[in-house]
Amino acid sequence: MALWDQWVEAALVKLASKNLLRSTRPISLTPAYFPADEVETFDGPRQWDRSSVEVEMDERAFREWLSELPDPGGESIAKDENVSRKLLLFSGNDYLGLSSHPAVRKAAAKAAQEHGMGPRGSALICGYSNYHMLLEASLAELKNKEDCLLCPTGFAANVAFMSALGSICSLLAVGGRPSEDQKIAIFSDALNHASIIDGIRLVERQQEAEVFVYRHRDMVHLNALLSCCKMAKKVVITDSLFSMDGDFAPISDLVELRKKHGFLLAIDDAHSTLVCGENGGGLLEVYGYESDVDICIGTLSKAVGCLGGFVACSNKWKQLIQSRGRSFIFSTSLPVPIVAASYASLVVARKEKWRRTAVWSRVDDFNALTRLNITSPIISLVIGSEKAALCASRHMLESGFHITAIRPPTVPPNSCRLRITLSAAHTFEDIKKLVAALSLCFVFPAADQNAQIASKL
Ligand SMILES: Cc1ncc(COP(=O)(O)O)c(C=O)c1O
């Protein structure tokens, strides 16, 4: 890794020589409300948790949605314009149900009362405050990294990292356009999130990188591509928990390959942050690999239950991203109530460990009832054609479940699916009902058992 440290240092020196190094100057918002020890926590689910999984839809919106979905049976649902539909949400990313926690609500409300939305401007102008600084410190601690940089969203965090990465090539290129071997070789999993892909496209467009897409989770393919590549500046980037398939990156193999090839390893921990690891530190905490992965990107919009993105990294990388990361520099920073709520959410997640246990118990429940072997709270039931997936989605909607069909371009053609997500706010009863309804449009290995469940409901 010493080489990457040298390149980042050299890029920073170049930036300093051009007066292009940027830093944030926090505005002090007083009185500051930083709930830490006084946050009220609970030893198990309470009624408010249900509001993160129980939603309502007015009849018109419900019917409009249905009208977009094919109706194989030509069934017509009784029409009552004044009724609002109650749906059980199995499509959100609020894996721990923290979005509705009283401490999160209170932090947002208190910050809004004291400061409104806070100064509106990008972080480098006036949008960065003592609240943002504290949240960054808390995320750096969670991820066991030296530092952290908040971004407006997780999407922006990936794009900011990529544009800063690409800038290393331009800054260090001797004389004009970088030569082929001065460029950065980016190795990216075929199923990486759209924000990684768009970030890579930006860097490619600047002619700062060559891109090598390796087959999903295929380490033999990745090793072969790395071995053939003569470029010095190699980077591997992958989702840690894949958002559409619900499978994990082979992190141990990646760490081994990093030792062999000396690449910079960046992971997008959007879906495993707070979900995996004893303290919710994500996939790296599970394996103790925090120092084997250089850059850890994340979002506050999933298990944290709020909004925002971050890059947990070294001080030097932070300096580079805040000086060159375009989606960080040229976008307004997060409003203070969101920052305060995210901070409270991290405090709650640290204390209410039962939430992590609960979401994994729902994974076990789903496996026990279906005899599938899902490995995370993201369930990907591949149905096949677009029409079949839309029919399945219609059936689930009519049965009272908010579940969407995922179609191209999000997933490849003929691998259309239902994406179902589990939360700590779901109960065993919810999972039983879900499986019973699903068993009428999807064949599980334990079909007999499912039919029995369906008949009991
Ligand atoms: C793997 C991954 N990375 C990044 C993002 C973007 O995060 P955000 O919603 O905060 O922009 C998502 C969201 O869908 C995601 O699934």
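Whatever order the structure lists ligands and atoms in, that order sets their numbers, starting from 1. Basis for what follows: all heavy atoms, side chains included, without hydrogens, waters or symmetry-related copies.
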Query raised in the report: Does any donor atom in the side chain of S129 or H132 lie under 3.5 Å from an acceptor atom in the other side chain?
Result: yes
**Report entry** Over 12 non-hydrogen atoms of neighbours within 6.0 angstrom of NZ in K86
**Finding:** no
Query raised in the report: Judged by atom type as modelled, is there a donor-acceptor pair below 3.5 Å linking the side chain of H261 to the main-chain atoms of F263?
Result: no
Query raised in the report: Do W317 and F161 have their ring centres less than 6.0 Å from each other?
Result: yes
Query raised in the report: So, are D365 and K432 salt-bridged, with charged N and O less than 4.0 Å apart?
Result: no
Query raised in the report: For ligand 1, what is the set of protein residues having any non-hydrogen atom at a distance below 4.0 Å?
Result: T153, G154, F155, N158, H193, S195, D239, S243, D268, A270, H271, T299, S301, K302, G308
Compile the donor-acceptor pairs under 3.5 Å between side chains in residues 326-341 and protein atoms, sequence neighbours left out, one pair per line.
residue, atom, partner, partner atom, Å
S327, OG, A156, O, 2.6
S327, OG, A160, N, 3.0
S333, OG, G127, O, 2.5

